[in-house]
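Per chain, numbering begins at 1; letters A, B, ... match sequence-line order.
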Protein chains: 2
Amino acid sequence: MFNIEDIRAQWAKQRPDIDTAPMATIGRVVRLSALLCEQMSKTHEKHGLNSASFDVLATLLRSGPPYALSPNDLLATMMVTSGTMTNRIDQLEKDGLVERVRNPKDRRSVFVQLTETGRKIIDAAVTDHVMVQRNLVEGLSDEDLATLNGILDKGLAALSQD
Amino acid sequence: MFNIEDIRAQWAKQRPDIDTAPMATIGRVVRLSALLCEQMSKTHEKHGLNSASFDVLATLLRSGPPYALSPNDLLATMMVTSGTMTNRIDQLEKDGLVERVRNPKDRRSVFVQLTETGRKIIDAAVTDHVMVQRNLVEGLSDEDLATLNGILDKGLAALSQD
DNA sequence: CCATTTTATCTTGATGTCAAGATAACCGCA
DNA sequence: TGCGGTTATCTTGACATCAAGATAAAATGG
């Protein structure tokens, strides 16, 4: 519908002083990310999940048996606030996909554990999800992917320091 | 804190059947996008804006004099719903940065036009914004940026068809 | 010229998120 | 033992967004 080079052309006309080369690349990264998320989200919804709940369940699954992590562990890997995590867990618990299990060693904390239903659902959803991801990058060769990983890592390195 | 290769290693252990190569690249794109947006957002806030209002004002600015577009034009370029756009314009109007001007040719529609205050603010914010963008990509060479643009365009082409 | 369809914008109610703060339990050290 | 600081989780209120539908004006086409 509208592309980034058109936007650069507009800026060149209205604000010829500015350097739009960084914008050209950043714009592509942000746009591509949004489109990828939109597509992946459709898959999650097919399994009765949204992206947020998929993320929580997938994190539990890949942690391996007994599929239990604390809310604190979960929010640290997901870069969301504690209030957001409480809400996500509440929803998943209401749907019977996880349960809160008390931690006998520390009564402040709980474990969020996949139920059997939750494990089955996320197992299937992940299988579907990775197939969709394969399709989403099918326009790119293995070499493209490797090149992309390398350059993106350079960009990530500059931003992830802390 | 945690990186994408660690996540792949977890999956390799728990679900050795799945192909995580696409995930490795998609994960990097999405993560980098989030970090870039976070940084850019800080700049917007310095000018009393959020990312949403910056987007609207910048779109008006780059459209050139008379800095006026319809809500419909704006929401089309921004991929948000009409309700969201109504809300964004309401906020900006309340802050005196834009005003709604009736379209004499079509009484269903209005123009959203930058006020003089709004024009000054977005002009300064854009100047700042592009400098920040330059800093955000400073870890990448011009060649990296060009390579990245090329590969991202391939990915975008596959997803933007409609 | 009227009825129907389309277009442009706004309204409403639900949801997911955050920031800030509340609550409760744990820890270290006197 | 007990007190101050820290940690883990939850609560609250505000906000941006969306989907669905309401409203009003314009375009279409018999």
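- For A/Thr86, whose side chain is taken as the heavy atoms from C-beta onward, the closest listed nucleotide among D/dT11, C/dT17, C/dT9 is D/dT11.
- Listed nucleotides D/dA26, D/dA8, C/dC10 differ in distance to B/Pro71; the shortest reach to its side chain belongs to C/dC10.
- Within the structure, every side-chain polar atom (N or O) of A/Arg88 is placed at least 4.0 Å from both OP1 and OP2 of C/dG16.
- The side chain of A/Asn50 contributes an N or O atom lying less than 4.0 Å from OP1 or OP2 of C/dG16.
- Whole-Å rounding puts the A/Asp106 CG to D/dT9 P distance at 8 Å.
- Closest to the side chain of A/Arg108, out of C/dT9, D/dT7, C/dA8, is D/dT7.
- Not one N or O on the side chain of A/Ser33 forms a donor-acceptor pair closer than 3.5 Å with the backbone of A/Val29.
- When the side-chain nitrogen and oxygen atoms of A/Arg100 are compared with OP1 and OP2 of D/dT9, none of them lie within a distance under 4.0 Å.
- In this structure, the CD atom of B/Glu93 is 13 Å from the C1' atom of C/dC10, given to the nearest Å.
- In this structure, the CG atom of A/Asp90 is 11 Å from the C1' atom of D/dT11, given to the nearest Å.
- Taking the six-membered ring for Trp and thresholds of 30 and 60 degrees, B/Phe54 and B/His129 have ring planes inclined between 30 and 60 degrees apart.
- Atom CG of residue A/Leu114 and atom CZ of residue A/Arg119 lie 8.0 Å apart, to the nearest 0.5 angstrom.
- Annotation: B/Asp142, atom CG; neighbour count of heavy atoms from other residues, nucleotides and ligands within 6.0 Å does not exceed 12.
- In terms of position on DNA chain C, the residue among B/Gly83 and A/Arg107 whose nearest nucleotide sits closer to the 5' end is B/Gly83.
- The separation between A/Asn87 atom CG and C/dA14 atom P is 16 Å, rounded to whole Å.
- Distance B/Phe111 CZ to C/dA8 C1': 12 Å, rounded to the nearest Å.
- Using modelled atom types and a 3.5 Å distance limit, the side chains of B/Asn103 and B/Ser109 yield a donor-acceptor pair.
- Rounding to whole angstrom units, CG of residue B/Leu74 and P of D/dA16 are separated by 17 Å.
- Residue A/Thr81 has a polar side-chain atom (N or O) positioned under 4.0 Å from OP1 or OP2 of C/dC18.
- Sequence order on DNA chain C of the closest nucleotides to A/Met85 and A/Pro104 puts A/Met85 first from the 5' end.
- For A/Leu75 and D/dT9, the CG to P distance is 8 Å, given to the nearest whole Å.
- A straight line from CD of A/Gln91 to P of D/dC10 spans 13 Å, rounded to a whole angstrom.
- Dashed line: the shortest gap from a side-chain N or O of B/Thr84 to OP1 or OP2 of D/dT17 is not under 4.0 Å.
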